[in-house]
Amino acid sequence: MMRSDDRPVILWLRRDLRLTDHPALTAACAGGRPVIPVFILDDQVAALGAAAQWRLGQGLEVFARTLADRGSRLILRRGPAQEVLQALIAESGAGAVHWTRAYDPISRERDGAIKSALKAQGIDARSFPGSLLFEPWTVQTGTGGPYRVFTPMWKTVRGRDVAPPLPAPGRICAPEAWPVSDRLQDWALGTAMRRGAAVLAAHSAPGEAAAQDRLARFIDEGIARYEQRRDIPGVEGTSGLSEYLALGEIAPQRCWHAAFAARERGGAGAETFFKELVWREFAYHLMYHSPQILTGNWRSEWDDFPWNTDRSDPRVIAWTRGRTGMPFVDAAMREMYVTGRMHNRGRMIVASYLTKHLMTHWRIGMDWFAEHLTDWDPASNAMGWQWSAGSGPDATPYFRVFNPESQLAKFDRDGSYRRAWIAEGQVSPPDTALDYFRAIPLCWGLAPGDPYPAPIVSAQEGRRLALEAYQNRSVAGAHDGKT
DNA sequence: CTCACATTTGT
DNA sequence: CAAATGTGA
């Protein structure tokens with residue numbers, strides 16, 4: 001009879017496509033047991049936006065090669081996760097299933113059900129940390145509740161120890177026989193991108209090795225000037241790590257330790273970078289403790305606000321296509337279409353413009369981002385949109401409306417961001433700007449030689465309308481709450 | 001209870 | 001400098 005600790009371990013991979021800093025993998029390899037890495041295409045993966053799905057396909061391709069280089073394999077299966085795992089256990093005689101925790105409500109429900117079902121069959125089903133610096137339940141206010149404001153949470157966690165970097169396992173043992181696997185190309189991940197996929201590919205470097213190169217370059221060249229340059233979208237001042245973190249091609253603790261080791265040289269830049277990593281933690285903290293942040297107003301007094309909810313509104317269409325006539329807004333929307341990412345300042349400005357100037361529901365913007373971002377992350381996306389709309393966990397006064405024109409003057413002084421992404425009106429536009437027209441659906445009927453549109457809603461008029469509506473909301477809200 | 005304070009701003 | 005409420009210690 002087979003002893004239980006000789007039986008294979010199934011390593012169920014999700015958003016953790018890496019070998020380093022991977023506690024679930026390291027534990028699976030301990031004791032020399034065979035490991036069967038598997039990725040499952042279930043409903044949740046199928047529901048990913050087109051760009052995120054495309055990027056996942058790229059990541060899986062690289063990760064499968066990485067495993068193959070070490071004498072292992074990535075098994076691909078399609079179907080409800082629990083059924084797939086049960087089938088694999090039956091086929092392989094596996095005695096354990098390991099995975100890295102996810103924190104969104106759908107995953108938590110699924111994983112919890114799978115864990116109890118497997119345990120009831122005597123399978124050692126175990127979840128591990130790995131995606132966050134701090135598990136959400138280990139961060140509490142003085143009275144034991146969850147944080148709702150960033151700064152107090154930052155002050156609480158900033159001095160904490162972060163798990164040290166964990167090397168890739170020396171050896172990943174293969175099972176005696178490999179279970180059959182789907183072929184990645186048959187999954188056709190991200191084919192909904194159509195023309196966009198070729199353009200995205202030119203702006204993408206998937207995989208753990210690329211992630212670590214990016215981090216190393218940021219620590220060498222970027223971190224010392226991060227504080228000043230991260231706000232200027234026309235220069236490469238950010239870490240550029242978001243999509244690696246989103247897919248788990250790099251772990252946040254590796255980023256944290258790399259910056260910590262460079263803190264002398266990094267100075268204020270290192271501190272700012274730590275803060276940004278903790279913003280990601282804060283987003284997960286909020287999603288874990290109030291999952292409804294993904295679907296409804298975090299502050300319910302916003303439920304009565306007269307948002308525009310018409311996705312076919314011509315002004316909303318103009319926003320999605322980068323044709324609002326506001327160069328900062330349009331440049332950022334096109335950057336996202338071409339690269340799958342958007343500079344953080346761009347994200348704030350397009351979100352402010354959609355929710356305030358166009359008074360359109362943040363959910364419409366959030367959904368558009370989910371469809372077009374390769375670094376899409378449910379927690380950060382929801383937090384960011386609700387923060388911008390004013391319905392989120394933030395005390396921003398309602399009159400704080402970004403002015404897309406003065407923001408351009410402030411943060412794109414030399415016009416390089418605008419020129420990089422908007423072809424119209426330029427004699428010889430750069431490739432980045434032309435890439436937009438190579439990526440968009442032909443039926444949009446846009447060409448680089450078109451005249452650049454006049455503003456659909458001016459900065460001043462949009463601000464006036466938004467303030468008026470927000471002021472009315474305050475009065476109505478006070479009525480509702482205090483009768 | 002009190003009191004300090006709140007990412008990213010506009011005019 | 002506006003301007004006001006919720007958060008957290």
Side-chain angles (χ1 to χ4, degrees), chain A residues 139-159 226-235 237-239 242 268-283 285-286 289-290 293 297-302 326 328-329 332 342-357 380-381 383-412 417 457-468 470-482:
Chain A
V139 180
Q140 291 180 332
T141 65
T143 53
Y147 279 103
R148 281 166 276 208
V149 175
F150 172 78
T151 304
M153 172 164 154
W154 160 247
K155 286 177 180 160
T156 294
V157 303
R158 61 180 299 182
Y226 182 63
E227 201 190 12
Q228 294 78 38
R229 294 174 38 115
R230 63 172 229 98
D231 249 340
I232 303 166
V235 303
T238 65
S239 75
S242 60
E271 182 83 351
T272 307
F273 183 59
F274 290 146
K275 264 192 176 170
E276 293 305 314
L277 289 174
V278 173
W279 268 99
R280 176 172 173 277
E281 301 284 315
F282 182 53
H285 184 83
L286 289 167
H289 292 289
S290 29
I293 195 173
N297 293 313
W298 191 82
R299 294 178 194 280
S300 57
E301 60 267 32
W302 286 82
M326 286 294 167
F328 214 146
V329 174
M342 188 191 290
H343 191 278
N344 179 247
R345 182 149 296 276
R347 296 189 200 214
M348 292 190 289
I349 289 164
V350 304
S352 174
Y353 192 77
L354 183 74
T355 57
K356 297 188 175 174
H357 291 78
S380 300
N381 202 24
M383 179 186 72
W385 274 97
Q386 295 227 42
W387 179 86
S388 294
S391 62
D394 181 67
T396 302
Y398 68 85
F399 49 82
R400 198 169 278 184
V401 179
F402 281 78
N403 182 325
E405 287 168 343
S406 51
Q407 286 279 313
L408 195 70
K410 241 186 232 168
F411 296 102
D412 192 39
Y417 187 59
V457 173
S458 78
Q460 293 73 22
E461 179 67 358
R463 178 186 166 79
R464 195 187 62 73
L465 289 168
L467 289 184
E468 202 175 279
Y470 281 61
Q471 233 145 13
N472 293 339
R473 173 207 66 94
S474 304
V475 174
H479 254 294
D480 281 358
K482 287 165 190 159

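Note that these values count all heavy atoms, side chains included, but never hydrogens, waters or copies made by symmetry. Below, read A as the first sequence line, B as the second, and so on, with proteins coming before strands; counting in each chain starts at 1.
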Student: Do A:Val457 and A:Met326 come close enough that some side-chain heavy atom pair is under 4.5 Å?
Tutor: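 No, every pair of side-chain atoms sits at 4.5 Å or beyond.
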Student: Measuring from the side chain of A:Arg400 (C-beta onward, heavy atoms only), which nucleotide among B:dA6, B:dT9, C:dG8 has the closest atom?
Tutor: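 My answer, after comparing the listed nucleotides, is B:dT9.
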Student: Using whole Å, what does the distance between atom P of nucleotide B:dT7 and atom CE of A:Met153 come to?
Tutor: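 After rounding, the gap between these two atoms is 13 Å.
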Student: Looking only at side-chain N and O atoms, does A:Asn403 come under 4.0 Å of OP1 or OP2 in B:dT9?
Tutor: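 Answer no for this pair, as no side-chain N or O of A:Asn403 is under 4.0 Å from OP1 or OP2.
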Student: Please state whether the phosphate of B:dG10, meaning OP1 or OP2, lies under 4.0 angstrom from any side-chain nitrogen or oxygen of A:Gln460.
Tutor: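 For A:Gln460, the contact criterion (side-chain N or O under 4.0 Å from OP1 or OP2 of B:dG10) is not met.
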Student: How many whole angstroms separate atom CZ of A:Phe150 from atom C1' of C:dG8?
Tutor: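 These atoms are roughly 15 Å apart.
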Student: Just how far, in rounded Å, is P of C:dA3 from CG of A:Leu467?
Tutor: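 Nearest whole value for this atom pair: 12 Å.
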Student: Which whole number of Å gives the distance between the P atom of B:dT9 and that of C:dT7?
Tutor: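 Here B:dT9 and C:dT7 have their P atoms 22 Å from each other.
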Student: Given B:dG10, C:dG6, B:dT8, which nucleotide is nearest the side-chain atoms of A:Met348?
Tutor: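 Output: B:dT8.
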Student: Below 4.5 Å, heavy atoms only, C-beta onward: do A:Arg230 and A:Glu276 meet side chain to side chain?
Tutor: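 Result yes, sub-4.5 Å side-chain heavy-atom pair found.
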Student: Just do the side-chain contact (heavy atoms from CB on, under 4.5 Å) check on A:His289 and A:Arg148 with the steps written out, would you?
Tutor: CA-CA 10 Å; A:His289 292 289; A:Arg148 281 166 276 208; over 6 Å; no
Student: When you measure from the side chain of A:Trp298, which nucleotide among B:dT11, C:dT7, B:dT7 comes out closest?
Tutor: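 Within the option list, the nearest is C:dT7.
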Student: What is the pairing partner of C:dA4, taking Watson-Crick or G-U wobble pairs with both distances under 3.5 Å in any strand?
Tutor: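 Because no pair has both required distances under 3.5 Å, C:dA4 counts as unpaired.
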Student: Could you tell me how far apart A:His285 (NE2) and C:dG8 (P) are, to the nearest whole angstrom?
Tutor: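 Distance, rounded to whole Å: 8 Å.
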Student: Within this structure, what is the CH2-to-P distance between A:Trp154 and C:dA9, rounded to whole angstrom?
Tutor: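 Value for this atom pair: 16 Å.
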Student: To the nearest Å, give me how far apart CZ (A:Phe282) and P (B:dA6) are.
Tutor: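 Rounding to the nearest Å, CZ of A:Phe282 and P of B:dA6 are 14 Å apart.
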Student: In this structure, how many angstroms lie between the P atom of B:dT9 and the CZ atom of A:Phe402, rounded?
Tutor: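 My rounded result for the distance is 5 Å.
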Student: Can you confirm whether A:Phe328 sits close enough to A:Pro233 that some side-chain heavy atom of one is under 4.5 Å from a side-chain heavy atom of the other?
Tutor: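 Result yes, sub-4.5 Å side-chain heavy-atom pair found.
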Student: Strictly by Watson-Crick or wobble contacts shorter than 3.5 Å, is anything paired with B:dT7, and which nucleotide is it?
Tutor: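 By the stated definition (distances under 3.5 Å), nothing pairs with B:dT7.
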Student: Does the side chain of A:Arg148 get closer than 4.0 angstrom to OP1 or OP2 of C:dG8 through an N or O atom?
Tutor: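 Checking C:dG8 against A:Arg148, a side-chain N or O does come within under 4.0 Å of OP1 or OP2.
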Student: Measure the distance from CD on A:Gln228 to C1' on B:dT7 and round it to the nearest whole Å.
Tutor: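 In whole Å, B:dT7 C1' lies 16 Å from A:Gln228 CD.
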Student: May I ask you to decide whether A:Glu468 forms a salt bridge with A:Arg464, counting only side-chain N to carboxylate O separations under 4.0 Å?
Tutor: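 Looking at A:Arg464 together with A:Glu468, the answer is yes, because their closest N to O distance falls below 4.0 Å.
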Student: Regarding A:Glu276, tell me which of base, sugar-phosphate or nothing describes its non-hydrogen contacts under 4.0 Å with the strands shown.
Tutor: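 Answer is base: heavy atoms of A:Glu276 come under 4.0 Å of a base.
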Student: A side-chain contact here means heavy atoms from C-beta on lying under 4.5 Å apart; do A:Met348 and A:Trp387 qualify?
Tutor: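 A side-chain contact under 4.5 Å exists here.
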Student: Would you mind classifying the nucleic acid contact of A:Arg347 as base, sugar-phosphate or nothing, using non-hydrogen atoms under 4.0 angstrom?
Tutor: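 No contact.
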Student: Are B:dT7 and A:Trp279 stacked, with the base six-membered ring and the side-chain ring centres under 5.5 Å apart and planes under 30°?
Tutor: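 Yes; by the centre-distance and plane-angle rule, A:Trp279 counts as stacking on B:dT7.
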Student: OP1 or OP2 of C:dT5 versus the side-chain N and O atoms of A:Arg299: is any pair under 4.0 Å?
Tutor: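 Checking A:Arg299 against C:dT5: no side-chain N or O falls below 4.0 Å of OP1 or OP2.
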Student: Looking at B:dT8, B:dG10, C:dA9, which one has an atom nearest to any side-chain atom of A:Arg345?
Tutor: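 Looking only at side-chain atoms, A:Arg345 lies closest to B:dT8.
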Student: Any side-chain N or O of A:Tyr147 less than 4.0 Å from the OP1 or OP2 oxygen of C:dA9?
Tutor: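 Answer yes for this pair, as a side-chain N or O of A:Tyr147 is under 4.0 Å from OP1 or OP2.
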Student: Taking the side chain of A:Asn344 as heavy atoms from C-beta outward, which of B:dT8, B:dT7, C:dG8 is closest to it?
Tutor: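 Between B:dT8, B:dT7, C:dG8, the one nearest the side chain of A:Asn344 would be B:dT8.
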Student: Counting heavy atoms from C-beta on, name the nucleotide in B:dT7, B:dT8, B:dG10 closest to the side chain of A:Lys410.
Tutor: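 So the side chain of A:Lys410 is nearest to B:dG10.
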Student: Looking only at atom P, what distance separates C:dT5 and B:dT11, rounded to whole Å?
Tutor: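 Each nucleotide's P atom is 23 Å from the other's.
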